[in-house]
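Take a look at the structure below.
These numbers come from a predicted model, not from an experiment. Chain A is the first sequence line, chain B the second, and so forth, proteins listed ahead of strands; every chain is numbered from 1.
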Number of protein chains: 2
Amino acid sequence: MGIRVLLGRESRNVPLLRRVETVAALSAEEREALLRVPMSVRDLPPRTDILCEGERPETCCVVLSGYAIRYKIGAEGDRHIIAFHVPGDIPDLQSLHLAVMDHTLASLTGMTAGLIAHRDLHDLNLRYPRLAGALWRLTLVDAAVFREWIVNLGHRDALSRTAHFLCEMHTRLASVGLGNGDAIELPISQTDLADALGVSAVHMNRTLQELRARKLIESNGRMIMARDWSALAALGEFDPAYLHITPHERADPA
Amino acid sequence: MGIRVLLGRESRNVPLLRRVETVAALSAEEREALLRVPMSVRDLPPRTDILCEGERPETCCVVLSGYAIRYKIGAEGDRHIIAFHVPGDIPDLQSLHLAVMDHTLASLTGMTAGLIAHRDLHDLNLRYPRLAGALWRLTLVDAAVFREWIVNLGHRDALSRTAHFLCEMHTRLASVGLGNGDAIELPISQTDLADALGVSAVHMNRTLQELRARKLIESNGRMIMARDWSALAALGEFDPAYLHITPHERADPA
DNA sequence: CGCAACATTGACAACTCTCAACCAATGTGG
DNA sequence: CCACATTGGTTGAGAGTTGTCAATGTTGCG
């Protein structure tokens, strides 16, 4: 609660609270503690690196609005997008216990980020063990998403891979109260999508055309709007279980 | 310390200790506490499911000898191997905070497993916060490996993908004191490898032949012996940084 | 207007898959 | 001891998916 930091109390970190509550039930006290964590807010332009591979951050970064991505750069300078993040996510929560970044965190769209000091999070964890469990759980859900991406990349073709991706983003956005009802709008360029789904930009384009032709999505410019969720889910073999968004399920002992 | 459980004190969970110490420095007291955790030991035949998707385990499973795998079953019954685990690993550590399994854990080879009750681990975590941090860290390294696999599957062809996999296994085995010096022996069938690397069994076979032709590996029967690590690492763009095996690096505050 | 970034297209090459055999090692029952 | 089944490795041929290259639209913006 320093001078130049903005207090969460001002409802800035509501997205974070909402996210945490998708994976764990909190007591009033814990909720209050989470909202009270000092957070400094920063606005970022699109496509800006926030934290680079090799760095040793001393803060964690909450996505408050917009999209973030994590990526690695290959030997020949090619970019591999590892994850997309929506408001409420803490894309670098792992830095709390993994000192050096093994990938880069960046904004994808214009984005506002909330920075929380590691020290404050460690304090929170010591004071509220169940909150610590909830944060741990967030990192485990992160890993669960990675597992599903491994299956997606290793065993599905470009078409169903893309369908699966769209379903995941829709579900995640909806779980934190975003998502315009039935159709999401993803402001993602085809090149970005291609780097995430492990296909060439040309093939990404053709894949999207195929999805359009099948009336599963609409897309104009860099917006993708889903049209037929159940068909997309079937095509992508999408089962949201791996997202573990069940507020009342907890492994912790009472 | 019940009657029918075997005490770790009997040096059964030394592999676990060794693994934990590859990611965090422990005090004598913490080391002692870890060794003292009650653990029941079980021998498993090859290819046996230990924990299935959908289950809600109340124990965690330490690999004491042999190899374990984690996999998901696709819609058409196809198996996707997500991870390989070597002695010292706790493949289902995430179950501590993620109640329901989103994949299956199984033995790959003959294997001996040590089961630790969630309750005992939670106790340990409350009593020794730094040990809790170390376990959290283990799950984060798990996730870091997933991230690298995403890059491997999404952006490398079968040849360099396989090279990368071999380098990872070698490094992980060596980090816990296994691995016969320069060459590892992987008792993995080509079919299993294929399911892990996202290629068909036929193509896996041809890929291995190519690696053999290039004098990078030797393989007879179901043993794969690496021949030229530096060439494999170059081919697979392997950089062990993502394994975070640096005993003295810690993000935790002093 | 003209640049810049992104989307789209066509043609061709490369990678990987599937199918369908066949071979080799191992283990079991007669 | 051999016949046989089973598992896993190997091979060839043809097809399908995806990548690359290069060019052409299209859109937004200074």
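A donor-acceptor contact closer than 3.5 angstrom links the side chains of A/Tyr71 and A/Asp49. Side-chain contact of A/Asn152 with A/Glu148: a donor-acceptor pair under 3.5 Å is absent, judged by distance alone. A donor-acceptor contact under 3.5 angstrom links the side chains of B/Thr22 and B/Arg19, judged on distance only.
For D/dG9, the OP1/OP2 oxygens have no side-chain nitrogen or oxygen of B/Gln209 closer than 4.0 Å.
Nucleotide D/dA22 holds its C1' atom 15 Å from the CG atom of A/Asn205, rounded to whole Å. Protein atom CG of A/Asp78 is 13 Å distant from nucleotide atom C1' of D/dG19, rounded to whole Å. Atom C1' of nucleotide C/dC23 and atom CD of B/Gln190 are separated by 13 Å, given to the nearest angstrom. Atom CG in A/Leu197 sits roughly 18 Å away from atom P in D/dT17 (whole-Å rounding). Between the CD atom of B/Glu210 and the P atom of D/dT11 there is a distance of 13 Å, given to the nearest Å. B/Glu76 has its CD atom 10 Å from the P atom of C/dT18, to the nearest Å. Taking atom CG of residue A/Leu208 and atom P of nucleotide C/dT8, one finds them 8 Å apart after rounding to whole Å. The CE atom of A/Met204 sits 14 Å away from the C1' atom of D/dT17 (whole-angstrom rounding).
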Distances under 3.5 Å between protein N/O atoms and the N/O atoms of nucleotides 13-16 of chain C, please, pair by pair.
| unit_1 | atom_1 | unit_2 | atom_2 | d |
| --- | --- | --- | --- | --- |
| C/dT16 | OP1 | B/Ala158 | N | 3.1 |
| C/dT16 | OP2 | B/His203 | NE2 | 3.1 |
| C/dT16 | O5' | B/His203 | NE2 | 3.4 |

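In this pair, B/Phe84 and B/Trp149 present their aromatic rings tilted. The plane angle is within the 30 to 60° band. A parallel orientation is assigned to the rings of B/Trp229 and B/His170, their planes being inclined by less than 30° (bins at 30° and 60°).
In the set C/dG10, D/dG8, D/dG12, the nucleotide with an atom closest to the side chain of B/Val202 is D/dG12.
Ion pair A/Arg70/A/Asp92 not flagged as a salt bridge, since none of the NZ, NE, NH1 or NH2 atoms sits closer than 4.0 Å to an Asp/Glu carboxylate oxygen. Under a 4.0 Å N-O distance rule, the pair B/Glu210/B/Arg206 does not qualify as a salt bridge.
A donor-acceptor contact under 3.5 Å is formed by the side chain of A/Arg206 with the base of C/dG10.
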